[in-house]
**Q** 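Dumping the structure here so I can ask a few things about it.
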Amino acid sequence: MTKLNQIIAVEKGVKSKSLQDINAAHAKVQKPALLAGISRTYQPKDEEGEQLPPESTRVQVQAEDVLRDVSASLTRLFDVTATKDWANCLARADVTVDGRTLVADVPVAYLLFLEKQLAELHGFVKKLPTLDAAESWSLDPSTDWWKTDPVRTIRTRKVPRNHVKAEATEKHPAQVEVYYEDVPIGYWTTVKFSGALPARRVNELLERVEKLQQAVKFAREEANGAEVTDQRVGDAVFGYLFG
């Protein structure tokens, strides 16, 4: 018995050949010269007249032959596609992760949908924001945010000071240099908050997505291994169309 994965393997080649055949047939019937023929003979008016050889051109393309060729090519395509689509209605498999069946009896079309969606979901999860590894974080139950331990820092203000470089004398004033000193005036207590995820959580999510991706792939391969019944619809279709 033919298996579904074998039909899928040949479908692309059959489609490609059918397209080539249709294009070739279209090109043939669009050239009037290939469909035209002629035969003519010459007879002089009297026996002394000039004798000319007969002329003839054969018909190179017959439209009915082109229709038969197109019918044969497309019949194969119609049959292969019908066999695949009929089989896809019946081919099913379970999606199982770590021995647990998540979704049972899944048709092939939905398995293909799952594969595409999980690939996009993997990219989304991989780019999720993570907490800054340079900080120590804990979950705040009151807000459900992540927060750091309080950090206390000093707030200072620059206060001008005078530095006497030379005392005043009877002849010269004192030489004074102004400089600024940082004087503590208060304290900041800072707590950082974040709505990002711990790297551990992101890695766990990625692992789950990847496991499910693998399970869906295995299920699709199992479903595609189902035996198929060859469908014969092309003869009926083209028997009506070109018959």
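Model, not experiment: these values are computed from the prediction.
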**Q** Can you check side chain to side chain contact (heavy atoms under 4.5 Å, CB included) on Val108 and Leu4, steps first, answer last?
**A** CA-CA 10 Å; Val108 171; Leu4 178 55; 4.3 Å; yes
**Q** Considering residues, nucleotides and ligands other than Glu64, do more than 12 of their heavy atoms fall under 6.0 Å from its CD?
**A** no
**Q** With side chains defined as the heavy atoms from C-beta onward, is the minimum distance between Ile8 and Lys84 less than 4.5 Å?
**A** yes
**Q** Taking all atoms of both residues into account, what is the closest heavy-atom pair of Val70 and Ala25, and its distance?
**A** CG2-CB, 3.5 Å
**Q** Taking C-beta and beyond as the side chain, do Asp21 and Leu74 meet within less than 4.5 Å on heavy atoms?
**A** no
**Q** According to the interplanar angle, ranging from 0 to 90°, do the rings of Phe238 and Phe78 count as parallel (below 30°), tilted (30 to 60°) or perpendicular (above 60°)?
**A** tilted
**Q** Can Leu121 be reached from Leu102 by stepping across I, L, V, M, F, W or Y side chains whose heavy atoms are under 4.5 Å apart?
**A** yes
**Q** Do any pairs count as a ring-ring contact (aromatic ring centres under 6.0 Å, His included) and have a residue in residues 99-143, sequence neighbours left out, and if so which ones?
**A** Tyr110-Phe113
**Q** Taking all non-hydrogen atoms of both residues, which atom of Ala91 and which atom of Ala223 are closest, and how far apart?
**A** CB-O, 3.4 Å
**Q** Establish whether Val233 and Phe242 are linked, either directly or via other cluster members, by ILVMFWY side-chain heavy-atom contacts under 4.5 Å.
**A** yes
**Q** Begin from the C-alpha positions of Asp182 and Arg157 and carry the test salt bridge (charged side-chain N to carboxylate O under 4.0 Å, His left out) through to its verdict.
**A** CA-CA 5 Å; Asp182 290 328; Arg157 176 181 295 167; over 6 Å; no
**Q** With hydrophobic residues grouped by side-chain heavy-atom distances under 4.5 Å, do Phe218 and Leu212 end up in a single group?
**A** no
**Q** Grab the two heavy atoms, one from Ala215 and one from Val95, that are nearest each other, plus how far apart they are.
**A** CB-CG1, 4.0 Å
**Q** Please report the interatomic distance OG1(Thr148) to NZ(Lys192), rounded to the nearest 0.5 Å.
**A** 6.5 Å
**Q** With distance as the sole test, does Thr83 use its side chain to make a donor-acceptor pair with the main-chain N or O of Gln231 at under 3.5 Å?
**A** yes
**Q** Does any non-hydrogen side-chain atom of Arg161 lie less than 4.5 Å from one of Val183?
**A** yes
**Q** For residues Trp146 and Val202: do they belong to one hydrophobic cluster (side chain heavy atoms under 4.5 Å, members Ile, Leu, Val, Met, Phe, Trp, Tyr)?
**A** no
**Q** Between the side chain of Asp79 and the main-chain N/O of Gly234, is any donor-acceptor distance below 3.5 Å?
**A** yes
**Q** Measuring from atom NZ of Lys28 to atom CG of Asp69, what distance do you get when rounded to the nearest 0.5 angstrom?
**A** 6.0 Å
**Q** What is the distance from atom CD of Gln175 to atom OG1 of Thr169, rounded to the nearest 0.5 Å?
**A** 9.0 Å
**Q** Shortest non-hydrogen contact from Ala93 to Ala219?
**A** CB-O, 3.2 Å
**Q** If the threshold is 4.0 Å, N to carboxylate O, is there a salt bridge linking Glu11 and Lys15?
**A** yes
**Q** Taking all non-hydrogen atoms of both residues, which atom of Leu77 and which atom of Ser18 are closest, and how far apart?
**A** CB-OG, 3.4 Å
**Q** Find the distance between CD (Glu210) and NZ (Lys126) and round it off to the nearest 0.5 Å.
**A** 8.0 Å
**Q** Between the main-chain N or O of Asp105 and the side-chain N or O of Asp94, is there a donor-acceptor pair closer than 3.5 Å?
**A** yes
**Q** For Glu120, I'd like to know if atom CD has over 12 heavy atoms of other residues, nucleotides or ligands within 6.0 Å.
**A** yes
**Q** Can you tell me how far CG of Asp230 sits from CZ of Arg232, rounded to the nearest 0.5 angstrom?
**A** 5.0 Å
**Q** Treating Ile, Leu, Val, Met, Phe, Trp and Tyr as nodes and any side-chain heavy-atom pair under 4.5 angstrom as an edge, say whether Tyr240 and Leu67 lie in one connected cluster.
**A** yes
**Q** Roughly how far, to the nearest 0.5 Å, is the OG1 atom of Thr81 from the CZ atom of Arg76?
**A** 9.5 Å
**Q** Taking the side chain as C-beta and beyond, is there a heavy-atom pair between Lys17 and Val14 under 4.5 Å?
**A** no
